[in-house]
Engineer: 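One structure is given below, represented as structure tokens, and several questions about it will come after.
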There are 2 protein chains.
Amino acid sequence: MYEQLRAYFQTRLPGITDTQVEALQAQLQPRTLRRHEVLIRQGEAGRRGAFVVQGCLRSYVVDKKTKEHILQFAPESWWISDQYSMLRGLPAMFSIDALEDSEVLLFGPDFLPLLQTIGPEFQAFFHTLLQNSMASMQRRLISILSATAEERYLEFLQMYPTLVQRLPQRMIAAYLGITPESLSRVRKELARS
Amino acid sequence: MYEQLRAYFQTRLPGITDTQVEALQAQLQPRTLRRHEVLIRQGEAGRRGAFVVQGCLRSYVVDKKTKEHILQFAPESWWISDQYSMLRGLPAMFSIDALEDSEVLLFGPDFLPLLQTIGPEFQAFFHTLLQNSMASMQRRLISILSATAEERYLEFLQMYPTLVQRLPQRMIAAYLGITPESLSRVRKELARS
DNA sequence: TTGATTTCTTATCCTACATCAAGGCGCTGA
DNA sequence: TCAGCGCCTTGATGTAGGATAAGAAATCAA
């Protein structure tokens, strides 16, 4: 269960010690999620996030017209949480649930502050992670503003080649910001050529 | 020139000492920018960011169809930079320029790492800042995916009431992700009611 | 002041994608 | 085994906002 996490940090922070990994593990609680099981519900104060060991989660919001918009997919070795709300004890801005039966390691609001005591490199690591999310979020914003549905689908294929097989198409549509019908037409068009 | 910065930190980090503020100032270089002057050019390695003392900057990308998309406005007391590229020494993902004659305090790639030595509360402060940006980016993404041009314009008015007077409408349109013509129509419609 | 840019408005037409509706196909479960 | 329910597809029609064009208004420069 924890081997995945150990490997994850050993490749990303080569200097890491066993004691540090153990200190980390102590903060993370293993948990199994079944497909469709909800970890965080939008609007409620679910103060936790997850590291995905096996399976795939997603974060999403549902708007006034009851349409779902997916912010992030989190397959193996990804982190997923609503950091902003979690650290402030606010109602979650989005929901998080499992798209497949999954195994995750859960952490609470004190996780990030605690990293400091384990080692400053962890603090820095999560800061870098946040910067990466920010950068990819910016790219996505630009993509939605400037690219067509087809272009965005192709970008998605490039970015997450493995997810296309694993996820239902309606999920991909909800990520791209188009209807399932439109995605179906885009795929039909691409198949023709 | 630096009073603004001092006041900024004194309200946000009340426990701060004079020595700390001075250490910070030592990292920041005053500079005047004229309207339209470019600080960072997309694709080039401009390793710096700014704290805005007076005036207003913006970060933006231009896409293949040569259309501009504005990521952020930075009026007084805002920070603006391409952290991701700056810290990695990569070509900038977007441009930053001045929308008004402005006074800024510039910082380099070593600024954030150096905060650590000045005090951990600064490190944490900038981490929080990044979280805020991330959260507002997420809100914007959802807004673009689910709201109409009119709704987004109204959100913008709520969020940045002072900027509407200061900025040309084409800039607001480029932020909202619509054409200046569409924004003009939206405003006309709103004025009717 | 006045000519030259730039910015904003308005009108017409167009297009990418949404919406609505219906049919097929594959799971799942009694 | 087959009923029933998601999921995907396809077609017909609708619409928000884009593209283009041209004039009005504001700003700038000399």
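Predicted, not measured: the structure shown is a model, and the values here were computed from it. Per chain, numbering begins at 1; letters A, B, ... match sequence-line order. Just so you know, these numbers use all the heavy atoms, side chains as well, and skip hydrogens, waters and symmetry mates.
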Engineer: Among dG17(D), dT10(D), dC8(D), which is the nearest nucleotide to the side chain of K188(A)?
Structural biologist: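 Among the listed nucleotides, the one closest to the side chain of K188(A) is dT10(D).
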
Engineer: S184(B) has a side chain; which of dT9(D), dT9(C), dG11(D) sits nearest to it?
Structural biologist: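 Of dT9(D), dT9(C), dG11(D), dT9(C) is nearest to the side chain of S184(B).
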
Engineer: Kindly point out which of dA19(D), dG17(D), dG11(D) is positioned nearest to the side chain of R152(B)?
Structural biologist: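 Selected nucleotide: dG17(D).
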
Engineer: dG18(D) phosphate, OP1 or OP2: any side-chain N/O from S182(B) under 4.0 angstrom?
Structural biologist: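 For dG18(D), OP1/OP2 do have a side-chain N/O of S182(B) under 4.0 Å.
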
Engineer: Flag this pair as yes if the NZ/CZ of R152(B) is under 6.0 angstrom from the six-membered ring centre of F156(B) and inside a 45 degree cone about the axis; otherwise no.
Structural biologist: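 The answer is no; the distance or angle limit is not met.
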
Engineer: Have a look at R170(A) and say if it touches a base, only the backbone sugar-phosphate, or nothing, with a 4.0 Å heavy-atom cut-off.
Structural biologist: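 Sugar-phosphate only.
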
Engineer: Taking CD1 from I178(A) and C1' from dA16(D), how many angstroms apart are they, rounded to a whole number?
Structural biologist: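 About 17 Å, once rounded to whole Å.
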
Engineer: Of the nucleotides dC8(C), dC20(C), dT12(C), which has the atom closest to the E181(A) side chain?
Structural biologist: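 Nearest nucleotide to the side chain: dC20(C).
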
Engineer: Could you work out which one of dG18(D), dT19(C), dT9(C) sits closest to the side chain of R187(B)?
Structural biologist: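 It is dT9(C).
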
Engineer: Is it true that atom CD of Q29(B) has more than 12 heavy atoms of other residues, nucleotides or ligands lying nearer than 6.0 Å?
Structural biologist: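 No, not enclosed.
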
Engineer: Parallel, tilted or perpendicular for Y175(B) and F73(B), by the 30°/60° rule?
Structural biologist: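 Correct class here is parallel.
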
Engineer: Mind checking whether F126(A) and F122(A) have ring centres under 6.0 Å apart?
Structural biologist: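 Here the rings of F122(A) and F126(A) have centres that are no less than 6.0 Å from each other.
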
Engineer: Could you state the CZ-C1' distance from R185(B) to dT15(D), rounded to the nearest angstrom?
Structural biologist: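 After rounding, the gap between these two atoms is 13 Å.
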
Engineer: Rounded to whole angstrom units, what separation is found between the CE atom of M171(A) and the P atom of dC7(D)?
Structural biologist: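 Whole-Å distance recorded here is 7 Å.
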
Engineer: Check the distance between dG18(D)'s C1' and E68(B)'s CD and give it to me in whole angstrom.
Structural biologist: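 Value for this atom pair: 17 Å.
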
Engineer: Which comes earlier along DNA chain D counting from the 5' end, the contact point of L167(A) or that of A147(B), where each point is its nearest nucleotide?
Structural biologist: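 Mapping each residue to its closest nucleotide by heavy atoms, the 5'-most match is L167(A).
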
Engineer: What integer distance in Å separates Y153(B):OH from dC8(C):P?
Structural biologist: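 In whole Å, dC8(C) P and Y153(B) OH are 11 Å from each other.
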
Engineer: Measure from CG on L183(B) to C1' on dG18(D) and round the result to the nearest Å.
Structural biologist: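 Atom CG in L183(B) sits about 14 Å away from atom C1' in dG18(D).
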
Engineer: Among the nucleotides dT19(C), dA19(D), dG17(D), which one has an atom lying closest to any side-chain atom of T148(B)?
Structural biologist: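 Minimum distance to the T148(B) side chain belongs to dG17(D).
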
Engineer: Measuring from the side chain of Q169(B) (C-beta onward, heavy atoms only), which nucleotide among dG18(D), dT9(C), dC17(C) has the closest atom?
Structural biologist: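 Comparing dG18(D), dT9(C), dC17(C) against the side chain of Q169(B), the answer is dT9(C).
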
Engineer: Respond yes when some side-chain nitrogen or oxygen of T179(A) is under 4.0 Å from OP1 or OP2 of dA18(C), and no when none is.
Structural biologist: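 Yes, T179(A) has a side-chain N/O under 4.0 Å of OP1/OP2 on dA18(C).
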
Engineer: Are side-chain heavy atoms of F51(B) and S77(B) found at a separation under 4.5 Å?
Structural biologist: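 The answer is yes; the side chains approach within 4.5 Å.
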
Engineer: Counting neighbours of CD on Q20(A) that are heavy atoms of other residues, nucleotides or ligands and sit closer than 6.0 Å, is the number greater than 12?
Structural biologist: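 Count over threshold, so yes.
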
Engineer: On DNA chain C, compare the nucleotides closest to R35(B) and E150(A); which residue's is nearer the 5' end?
Structural biologist: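 Looking at DNA chain C, the more 5' nearest nucleotide goes with R35(B).
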
Engineer: How close or far is atom P of dC5(D) from atom NE2 of H36(A), stated in whole angstroms?
Structural biologist: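 Between P of dC5(D) and NE2 of H36(A): 16 Å.
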
Engineer: Counting side-chain heavy atoms from CB outward, which of dG17(D), dC8(D), dC8(C) is closest to A149(B)?
Structural biologist: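 So the side chain of A149(B) is nearest to dG17(D).
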
Engineer: What is the distance, to the nearest angstrom, from the CD1 atom on I144(A) to the P atom on dA16(C)?
Structural biologist: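 Going from I144(A) (CD1) to dA16(C) (P), I get 18 Å.
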
